[in-house]
**Student:** 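First the structure, then my questions, so here it is.
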Amino acid sequence: MPRETESLRQLDAQHKPAPTSPQIRNQVAVCHAKQRERQGCLNGELATQAVLEHSQLSKTDHAFLVEVVEKLGLSHRAFYRTLRLARTIADLDEATSVGRRHLAEALSYRALDRLLEQLKKL
């Protein structure tokens, strides 16, 4: 039976082209400037209490992150590292506060890091 592939080609045509390196570089520069303006330093340099303050997590999103940390057996350090990364993702998304989507993306990178470490041990 012949396969119909035109619909698959149309799906590809609907996607936006990937940003170029200069566009990404500019986005990162804007993000860094926003962080320095908001808190006087980059997100990666924030103290633990400042991370919580500048993330502006809702109570439900904070509870979500705590639950994930508990289920995955992550440390307090991992909690704050994840939150710093989520704050950066939110900055790149031009969001004023960290939301569940930003937390989920940050956690997905954490999971990917763990998988890569396990593969290196093989």
Side-chain angles (χ1 to χ4, degrees):
M1 171 178 255
R3 296 186 182 180
E4 190 276 315
T5 57
E6 185 56 36
S7 61
L8 297 175
R9 285 188 187 90
Q10 289 174 357
L11 284 175
D12 188 48
Q14 293 172 0
H15 288 97
K16 296 186 297 187
T20 63
S21 291
Q23 289 170 326
I24 293 172
R25 191 176 309 113
N26 183 55
Q27 187 180 15
V28 169
V30 168
C31 183
H32 283 175
K34 182 187 306 182
Q35 291 170 13
R36 285 191 177 100
E37 181 181 324
R38 179 180 59 234
Q39 62 222 16
C41 64
L42 299 177
N43 291 339
E45 301 165 343
L46 284 173
T48 54
Q49 190 58 39
V51 174
L52 285 171
E53 178 185 326
H54 292 292
S55 295
Q56 302 175 355
L57 280 178
S58 70
K59 288 183 181 187
T60 57
D61 289 339
H62 184 269
F64 166 76
L65 182 56
V66 169
E67 183 178 348
V68 170
V69 166
E70 287 173 347
K71 285 185 178 180
L72 295 178
L74 300 177
S75 65
H76 280 81
R77 182 172 178 259
F79 172 90
Y80 288 107
R81 288 182 67 194
T82 301
L83 195 51
R84 280 185 189 93
L85 179 56
R87 176 68 266 178
T88 300
I89 293 167
D91 287 340
L92 290 168
D93 199 26
E94 299 180 8
T96 56
S97 62
V98 174
R100 185 154 315 188
R101 182 168 49 97
H102 307 119
L103 292 170
E105 185 175 344
L107 287 163
S108 73
Y109 294 133
R110 172 110 186 134
L112 182 60
D113 283 344
R114 279 188 161 184
L115 177 62
L116 290 173
E117 284 302 316
Q118 289 174 352
L119 290 174
K120 285 179 184 177
K121 293 177 183 177
L122 296 179

**Student:** Residues in side chain to side chain donor-acceptor pair (under 3.5 Å) with Arg36, at least two apart?
**Tutor:** none
**Student:** How far apart are the closest heavy atoms of Ser97 and Ala90, and which atoms are they?
**Tutor:** O-CB, 3.9 Å
**Student:** Return the minimal non-hydrogen interatomic distance between Cys41 and Leu46, and the atom names on each side.
**Tutor:** SG-CD2, 3.7 Å
**Student:** Are Leu42 and Val51 linked, directly or through other ILVMFWY residues, by side chains that come within less than 4.5 angstrom of each other?
**Tutor:** no
**Student:** Please, which pairs that meet salt bridge (charged side-chain N to carboxylate O under 4.0 Å, His left out) have at least one residue in residues 77-90, sequence neighbours excluded?
**Tutor:** Arg87-Asp91
**Student:** With a 4.5 Å heavy-atom cut-off, do Leu107 and Leu85 have their side chains touching?
**Tutor:** no
**Student:** Evaluate side chain to side chain contact (heavy atoms under 4.5 Å, CB included) for Leu74 paired with Phe79, printing each intermediate quantity in order.
**Tutor:** CA-CA 7 Å; Leu74 300 177; Phe79 172 90; over 6 Å; no
**Student:** Quick check: is Leu103 connected to Tyr109 through a chain of hydrophobic side chains (ILVMFWY, heavy atoms under 4.5 Å apart)?
**Tutor:** no
**Student:** Are Lys120 and Glu117 within salt-bridge range, i.e. N to O under 4.0 Å?
**Tutor:** yes
**Student:** Going by heavy atoms in the side chains, are Glu94 and Val30 under 4.5 Å from each other?
**Tutor:** no
**Student:** Looking at residues at least two apart in the chain, or sitting in another chain, which of them share a side chain to side chain contact (heavy atoms under 4.5 Å, CB included) with Pro22?
**Tutor:** Thr20, Arg25
**Student:** Does Thr82 have any side chain to side chain donor-acceptor pair (under 3.5 Å) partners at least two apart in sequence or in another chain, and if so, which?
**Tutor:** none
**Student:** Which atoms form the tightest heavy-atom contact between Val98 and Leu57, and what is the distance?
**Tutor:** O-CD2, 3.6 Å
**Student:** Which pairs count as salt bridge (charged side-chain N to carboxylate O under 4.0 Å, His left out) when at least one residue sits in residues 44-67, sequence neighbours excluded?
**Tutor:** Asp61-Arg100, Glu67-Lys71
**Student:** Indicate yes or no for a side-chain donor-acceptor contact from His32 to the backbone of Ala29 under 3.5 Å, with no hydrogens or angles considered.
**Tutor:** no
**Student:** Distance check, rounded to the nearest 0.5 Å: Thr88 atom OG1 versus Leu83 atom CG?
**Tutor:** 10.0 Å
**Student:** Under 4.5 Å between side-chain heavy atoms, counting indirect links through other Ile/Leu/Val/Met/Phe/Trp/Tyr residues: same cluster for Leu72 and Phe64 or not?
**Tutor:** yes
**Student:** What distance do His62 atom NE2 and Leu52 atom CG have between them, rounded to the nearest 0.5 Å?
**Tutor:** 5.5 Å
**Student:** Mind listing the closest non-hydrogen atom pair of Gln27 and Leu92 along with its distance?
**Tutor:** NE2-O, 3.3 Å
**Student:** Which value, rounded to the nearest 0.5 Å, describes the distance between Lys34 atom NZ and Gln39 atom CD?
**Tutor:** 11.0 Å
**Student:** Considering residues at least two apart in sequence or located in another chain, which fulfil the side chain to side chain donor-acceptor pair (under 3.5 Å) criterion with Gln56?
**Tutor:** none
